[in-house]
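Scroll down for the structure; my scribbles are underneath it.
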Amino acid sequence: MAGTRVFRAPGRVNLIGEHTDYNEGFVMPAAINFATTVTVTPRADRRLSVFSENCGDAIEFDLDDPEPRSASHWSDYVRGVAVVLEQSGRRLNGANLRIRGEVPIGSGLSSSAALEVASAHALLANSGHSVPPVALAKLCQRAENEFVGMRCGIMDQLISSCGQADRALMLDCRSLEYTVLPLPAEVRLVICNTMVKHELANTEYNARRAECEAGVHHFAQSRPNVRALRDVTLAELERSRTDLSEVIYRRCRHVISENARVLEAAAALEASDLEAFGQLMNKSHHSLRDDYEVSCKELDLMVELAGQVEGVYGARMTGGGFGGCTISLVKAENVEGFKRRVASGYEQVTGLAPEIYVCTAAQGAAEVI
Ligand code: GLA
């Protein structure tokens, strides 16, 4: 049909740097070769009609009168993006949108960010606007924070928008500047889906953010220039140990040590030292499990099984936690053995057949020509 265009935006996997983005720290994600595609066809009115192929379900609303609250429905992400784009002063034209998602939903691979970023591209292009990739990621994050009510950081939207093929990005979540890091050709990013998502994930996520803010509040009392846990060193944390509750202390220890691990991991990748990189991934998992308490028994089991397989440099949970996926860095020649052993070990204990995706790092959002 005349004027029809197609946009796609990828999901992501985070190699290291978990729960650091909203602490203005460092993360190292890669976009993956699973994407959400939005086909947009212009309309003469100001209505948006949105159809999801995955859900077989459609919604329609008027851009002049969008319901301003989330309805806990998949369409919230699209409505939220439309509302935020209009609030940013970009008037949108009406459109029919058709959505097809291939990023596994609710598994910690950022299917929501992929939907937001692809929808933003489609809506903007359909209205003759163009927004630079980092700014577009920030608008999508705002849609998720303010409209959906999930206080996520910037990582997912930014990597979906700015990802590069065969590369990971080391992103400074304070300045939003990033370094592009090569992924050696002899390793594969192997993602194992535990097939569980525990109910409390969003509530616990927002609770962790509040705990980090309590930590910042403590340090800012004596050092007003402390804006985020990014500004606190491990030595300072140790000196304050007795002034903090045990829980806040451990939350801060995770974030501060994880930031240091990301910087070390970037240096290891630049030096092609995959052994060192893998060790940092393992330590990251332990810190998320013990200090930050966002893992779960299924994720721990998956990581443990991965660690027993030959050719695995390191493994950890990836994303927000409480279920979802792990990421393992595996030698290419050992991938088939990895899949067999991890899948059967996991199924034996849990009774669940995991999905295992061998991914490549993909390009960020773009028009499909
Ligand atoms: C979710 C959020 C991200 C980030 C991760 C944890 O994916 O959307 O912003 O905080 O959790 O690292």
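Just so you know, ligand 1 is whichever comes first in the structure, and atom 1 is the first atom listed for that ligand. The first residue of the sequence shown is numbered 1, and numbering continues consecutively from there.
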Output for ligand 1, non-hydrogen cut-off under 4.0 Å, lists Arg12, Glu18, His19, Asp21, Tyr22, Cys152, Gly153, Met155, Asp156, Tyr205, Gly319, Gly320

Within a reach of under 6.0 Å around NE2 of His286, are more than 12 heavy atoms found that belong to other residues, nucleotides or ligands?
yes

When the side chains of residues 271-281 are checked against the rest of the protein, which donor-acceptor pairs come out under 3.5 Å, sequence neighbours left out?
residue: Asp273; atom: OD1; partner: Glu275; partner atom: N; Å: 3.4
residue: Asp273; atom: OD1; partner: Ala276; partner atom: N; Å: 3.1

Who pairs with Arg98 by side-chain contact (heavy atoms from CB on, under 4.5 Å), at least two apart in sequence or on another chain?
Thr39, Phe51, Glu53

Scan Arg253, His254, Arg250, Arg251 and name whichever one has a side-chain hydrogen bond (donor to acceptor under 3.5 Å, both in side chains) with Asp291.
Arg253

Closest heavy-atom contact between Val187 and Leu329?
CG2-CD1, 4.2 Å

Review item, side-chain donor-acceptor pairs of residues 162-174, under 3.5 Å, at least two apart:
residue: Asp172; atom: OD1; partner: Arg174; partner atom: N; Å: 2.8
residue: Asp172; atom: OD1; partner: Ser175; partner atom: N; Å: 3.3
residue: Asp172; atom: OD1; partner: Arg230; partner atom: NH1; Å: 3.0
residue: Asp172; atom: OD2; partner: Ser175; partner atom: OG; Å: 3.4
residue: Asp172; atom: OD2; partner: Arg230; partner atom: NH2; Å: 3.2
residue: Arg174; atom: NE; partner: Glu24; partner atom: OE1; Å: 2.6
residue: Arg174; atom: NH1; partner: Asp231; partner atom: OD1; Å: 2.7
residue: Arg174; atom: NH2; partner: Glu24; partner atom: OE1; Å: 2.8
residue: Arg174; atom: NH2; partner: Asp231; partner atom: OD1; Å: 3.3
residue: Arg174; atom: NH2; partner: Asp231; partner atom: OD2; Å: 2.9

